[in-house]
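We use all heavy atoms of the structure for the numbers below, so side chains are in, but hydrogens, waters and symmetry mates are not. These numbers were taken from a predicted model, which means no experiment stands behind them.
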Amino acid sequence: MEKKKKLSNDDIFAVTWRHQFLQGSWNYERMQNGGWCYSIIPAIKKLYTSKEDRAAALKRHMEFYNTHPYVSAPIMGVTLALEEDRANGADVTDETIQGVKVGMMGPLAGVGDPVFWFTLRPIIGALGASFAMDGSLLGPILFFVLWNVIRFAFLFYTTYFGYKVGTEITKDLSGGLLGKITQGASILGMFVVGALVDRWVSIKFALNVSSVEQQKGAFINWAAVAKTKGGTGKVLHEAFKQYNSLGGTGLEKYKVTTLQDNLDQLIPGFAALILTLICCKLLKKNVSPIAIIILLFVVGVVGKYFGVF
């Protein structure tokens, strides 16, 4: 009796390693088919011994294929299980294999963007940028290492998971799991964006709302401070001493309240949030990000010229 053909962890790892380059030969006719075919070669060599069988296998994997490059991994795992069954004599046709690929790539493509591009990558990028803004080289290194470790670990685990589960995974594509993953990723993404708005978006309105003369003793009497005996050091010491006691409003005789001061007292970061929501609305209406950047630049320059910002 012929020994049953079985893919090892090393074979799956080899496929996963190649699968990283899924979009390396992307084309307008069949999109990711070249990268897919390149990825599955180690498994095809292990499962099929004759030149004709290998050629036929590669040919059926040159059909149209396109999905998110990372969530393509479980599809690859299921395909490996189907190819293994076929190599062991099961009645698995070319149409079956292609049908499973097409049936899975659509639903999974909708999961990849919110999980990776809109949630995971911004979180890791913000973490690395926080270090980089402090002048630490750890920032870009942290982003590069974390992103690639998580990315490759996900690719290998989901390829192995798809291989083990086999065709059973397709039963859940219209069920609740993918919907829950998408919903959870969207909620987490909105939470992260909301937390980062106040940190990364800065608007300072310079418009004066009121100017009130302060009572004597509520501001620094600079004329009296200047007469302090003991030289420049004593003058500075007295000035800092009074400033520490009176606070920022003690620098001037008149207390000026700006529009920004009122906004900060009501809802800190409110203007930044509104600007972020406006940009999101414009993006939703398919306005080019470049156009939005230019618009913000023009508004900033004009606002600064007229004293709004």
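Taking the six-membered ring where the residue is Trp, W36 and Y65 present tilted rings, their angle falling between 30° and 60°. W147 and F143 have parallel rings, their planes meeting at less than 30° on a 0 to 90° scale where 60° marks the start of perpendicular. Between W17 and F13, the two ring planes are parallel [angle under 30°; tilted spans 30° to 60°].
Smallest separation of non-hydrogen atoms from L296 and C279: CD1-SG, 4.2 Å. Between M62 and N33, the closest heavy-atom pair is O-ND2, 2.7 Å. Shown here for W117 and P122, the closest heavy-atom pair between the two residues is O-CD, 3.2 Å.
Using a 4.0 Å cut-off between charged nitrogen and carboxylate oxygen, D94 and R86 count as a salt-bridge pair.
Applying the 6.0 Å contact sphere to CZ of F144 captures no more than 12 heavy atoms from other residues, nucleotides or ligands.
Applying the side-chain contact (heavy atoms from CB on, under 4.5 Å) rule to A14 yields the partners P42; only residues at least two apart in sequence or on another chain are considered.
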Test side chain to side chain contact (heavy atoms under 4.5 Å, CB included) applied to I44 and L58, step by step: CA-CA 8 Å; I44 297 300; L58 294 178; 4.3 Å; yes

From CA spacing to verdict: side chain to side chain contact (heavy atoms under 4.5 Å, CB included), F152, T16: CA-CA 8 Å; F152 188 78; T16 303; 3.9 Å; yes

Check against side chain to side chain contact (heavy atoms under 4.5 Å, CB included), Y70 and V115: CA-CA 10 Å; Y70 297 164; V115 172; over 6 Å; no

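In summary, the side chains of T159 and H19 do not present any donor paired with an acceptor at a separation below 3.5 Å, with no hydrogens or angles considered.
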Could you tabulate the donor-acceptor pairs under 3.5 Å formed by side-chain atoms of residues 76-84, not counting sequence neighbours?
from : atom 1 : to   : atom 2 : distance (Å)
T79  : OG1    : I75  : O      : 2.8
E83  : OE1    : Y48  : OH     : 2.6
E83  : OE1    : R60  : NH2    : 2.9
E83  : OE2    : R60  : NE     : 2.9
E83  : OE2    : R60  : NH2    : 3.4
E83  : OE2    : H61  : NE2    : 2.7
E84  : OE1    : L7   : N      : 2.9
E84  : OE1    : Y163 : OH     : 2.5
E84  : OE2    : Y163 : OH     : 3.2

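Sorted by first and then second residue, the salt bridge (charged side-chain N to carboxylate O under 4.0 Å, His left out) pairs with a member in residues 10-23 read D11-K46; sequence neighbours excluded.
In this structure, F116 has its ring center closer than 6.0 angstrom to the ring center of F154.
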